[in-house]
Every structure is written in C-alpha cells, then in structure tokens.
**Q** 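This is the structure I want to talk about, given as structure tokens.
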Amino acid sequence: MFVDLIFLVFFFLFSFHQFKIWNDEKCLGAKAPSLASLDIMHYPEGMEPVEEFKYSDKKATVVCYWAKTHKGNYPTLCTWSDMQELDRYKDCVQFIGVARDADQNNVTKYIGKIGQFNETLGAHGITISGGIPLCYDVAHQVNMGFRSTTNLKVVGVDNCFIVNNEGVIMWRSVFNRGAEPSGQFMTQLDHVLAG
C-alpha cells in the first residue's frame with residue numbers, strides 16, 4: 001500500500017510538471033514600462049493614428065513581442081490579431097506588437113508582406129497579419145523595461161504581458177506558433193477586464 005502511494009505521488013509530480021502555472025512571477029504587480037519610446041510603424045485598418053500608446057487608453061493593454069526574423073512567431077501575430085477583433089476585446093483592449101528585430105528595416109519588410117498568403121507557415125499556411133499596431137522598439141527601451149521586471153535574461157518573441165489601465169502588469173504568457181499552451185491567457189485577460 002505504501003509503495004503504491006509513493007508511486008502515485010511521483011506519477012503526479014512528474015506527469016503534470018509541464019502544466020504548472022506560477023502565480024509568483026516577479027513581474028506580477030510591477031509597474032510596466034512606458035510605451036512612449038515606441039516608433040509606431042503600422043496601424044491596422046480602421047485604427048486612428050496616435051502619438052503614443054498609454055495604458056490608461058483602454059481597460060487592458062497586451063504588449064506582444066514579435067520579430068520579422070522569427071517566422072515561427074507569425075502564427076502568433078495572427079492569433080493576437082484575431083483576438084483584437086473579438087467583440088469582447090475590440091473596444092476595451094489594445095494589443096500592441098513590439099518588434100524584437102534589431103534592424104528597423106525588418107519591421108518595414110514584415111509590414112510589406114501583410115495580407116500575403118504563405119503556404120509554409122502554420123498548419124495549413126497563413127495570411128500574414130497586421131491586425132494589431134506594430135512598433136519598432138527604439139534602443140530596446142520597452143524590452144529592457146519589461147526585462148527588468150522579470151527574472152528572465154531575455155524577453156523574446158511570443159511573450160506577452162497583460163497590463164491594466166493603471167499600468168500594472170497583471171499576467172505574462174508565452175505563446176508557441178499561435179497557441180498559448182497553458183490555456184490561461186484569455187481567462188486572465190477577462191479577469192483584468194472584470195477588475
């Protein structure tokens with residue numbers, strides 16, 4: 001009986017470790033860095049240009065990291081664009097794409113591909129998306145700000161932060177080729193919107 005109990009404990013510990021969700025990340029509850037330094041290079045269709053993005057503009061802001069040089073991230077950009085279009089998020093959430101590309105010309109090149117179908121990306125090909133504003137991170141100021149609030153050495157592509165309208169980081173997720181493995185992102189975003 002004792003051996004069976006030990007077996008079950010080890011089974012649960014080692015079988016489900018990949019699904020752990022930590023709620024004690026250093027960044028949770030920290031002040032998010034200003035977005036004022038971002039060079040806004042692309043606005044989705046129908047969006048009015050703004051001088052700068054502010055967290056107080058919407059109930060929640062999702063700061064999304066992407067790169068033209070990381071093609072595996074393109075499906076994630078499509079996912080974020082699709083989320084921005086959902087009725088429940090359209091008017092109260094702003095998704096902002098922050099490029100990790102060192103060269104600003106890469107952002108321009110990606111923008112030039114928006115709307116084109118690429119059959120080699122995603123499970124069945126994807127149409128390159130630009131449904132969220134895309135920004136160049138001048139001198140990596142925004143990335144450095146988010147990095148200093150986490151225990152991460154690098155805040156790379158597919159990372160995103162949910163920030164409330166007071167500028168406080170409420171959640172961090174990491175997507176993978178368009179999917180968010182923990183399944184918590186939209187639930188957490190809905191919690192932020194609900195206050």
Side-chain angles (χ1 to χ4, degrees), residues 22 24-44 47-81 83-84 89 92-114 128-178 180 185 188-189 192-193:
W22 302 102
D24 61 348
E25 278 202 48
K26 180 184 174 198
C27 68
L28 299 183
K31 195 77 172 157
S34 170
L35 303 173
S37 65
L38 293 176
D39 182 357
I40 308 166
M41 297 180 64
H42 167 77
Y43 293 95
M47 181 179 184
E48 292 292 323
V50 295
E51 195 168 309
E52 73 178 73
F53 292 110
K54 298 176 183 166
Y55 298 116
S56 59
D57 290 342
K58 301 283 182 172
K59 279 187 164 183
T61 299
V62 182
V63 179
C64 312
Y65 282 96
W66 69 283
K68 186 261 181 204
T69 54
H70 185 67
K71 289 188 170 51
N73 175 242
Y74 291 14
T76 301
L77 273 166
C78 290
T79 297
W80 289 329
S81 295
M83 287 179 182
Q84 179 66 84
Y89 297 147
C92 57
V93 178
Q94 58 185 350
F95 285 75
I96 300 168
V98 178
R100 289 290 293 130
D101 293 288
D103 185 351
Q104 190 168 6
N105 288 327
N106 282 334
V107 179
T108 303
K109 288 176 187 175
Y110 178 88
I111 292 167
K113 294 179 181 210
I114 291 174
I128 305 295
S129 186
I132 63 173
L134 301 175
C135 308
Y136 177 68
D137 191 5
V138 179
H140 307 288
Q141 292 178 57
V142 174
N143 186 270
M144 297 283 283
F146 275 103
R147 199 174 86 193
S148 71
T149 67
T150 66
N151 287 325
L152 303 173
K153 292 183 180 180
V154 175
V155 177
V157 297
D158 289 327
N159 272 276
C160 68
F161 295 83
I162 300 173
V163 182
N164 71 11
N165 61 356
E166 295 174 358
V168 176
I169 299 170
M170 304 303 290
W171 193 255
R172 181 180 74 87
S173 285
V174 180
F175 283 70
N176 184 10
R177 297 186 182 269
E180 196 268 315
F185 175 78
Q188 296 301 329
L189 183 53
V192 171
L193 295 176

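Quick caveat: nothing in here was measured; it's all calculated off a predicted structure.
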**Q** How about Trp66 and Tyr110: are their ring centroids closer than 6.0 Å?
**A**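 Yes: the rings meet the under 6.0 Å criterion.
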**Q** Tell me which pairs pass salt bridge (Lys or Arg N to Asp or Glu O under 4.0 Å) where either residue lies in residues 154-177, with sequence neighbours left out.
**A**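 Residue pairs with at least one partner in residues 154-177: Glu25-Arg172.
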**Q** Give a yes or no on whether Met47 atom CE has more than 12 heavy-atom contacts from other residues, nucleotides or ligands under 6.0 Å away.
**A**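 Yes - once you tally the heavy atoms of other residues, nucleotides and ligands closer than 6.0 Å, there are more than 12.
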**Q** Answer yes or no: is there a donor N or O on one side and an acceptor on the other, between the side chain of Ser129 and the main chain of Cys78, under 3.5 Å?
**A**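 Not a single qualifying donor-acceptor pair exists.
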**Q** Looking only at atom types and distance, does a side-chain atom of Asn164 sit under 3.5 Å from a main-chain N or O of Ala60, one as donor and one as acceptor?
**A**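 No; judged by distance alone, with no hydrogens or angles, the pair does not exist.
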**Q** Answer yes if the side chains of Thr69 and Asp101 hold a donor-acceptor pair under 3.5 Å, and no otherwise.
**A**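 Yes, a side-chain donor-acceptor pair sits under 3.5 Å.
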**Q** Indicate yes or no for a side-chain donor-acceptor contact from Gln141 to the backbone of Leu38 under 3.5 Å, with no hydrogens or angles considered.
**A**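 Checked: no pair found.
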**Q** Where do Lys59 and Val192 come nearest, in terms of heavy atoms and distance?
**A**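 The pair with the smallest heavy-atom distance is O-CG1, 4.3 Å.
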**Q** Any sub-3.5 Å donor-acceptor pair from Asp137's side-chain atoms to Ala99's backbone N or O?
**A**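 No; judged by distance alone, with no hydrogens or angles, the pair does not exist.
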**Q** Say you draw a straight line from NE2 of His42 to CD1 of Ile132; how long is it, rounded to the nearest 0.5 Å?
**A**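 Rounded to the nearest 0.5 Å, the NE2-CD1 separation comes to 8.5 Å.
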**Q** Do Arg100 side-chain atoms and His140 backbone N/O form a donor-acceptor pair below 3.5 Å?
**A**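 The answer is no, because no donor-acceptor pair under 3.5 Å joins these two groups.
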**Q** Pick out which of Tyr55, Phe53, Phe95 makes a side-chain contact (heavy atoms from CB on, under 4.5 Å) with Thr61.
**A**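 Only one of Tyr55, Phe53, Phe95 forms a side-chain contact (heavy atoms from CB on, under 4.5 Å) with Thr61, namely Tyr55.
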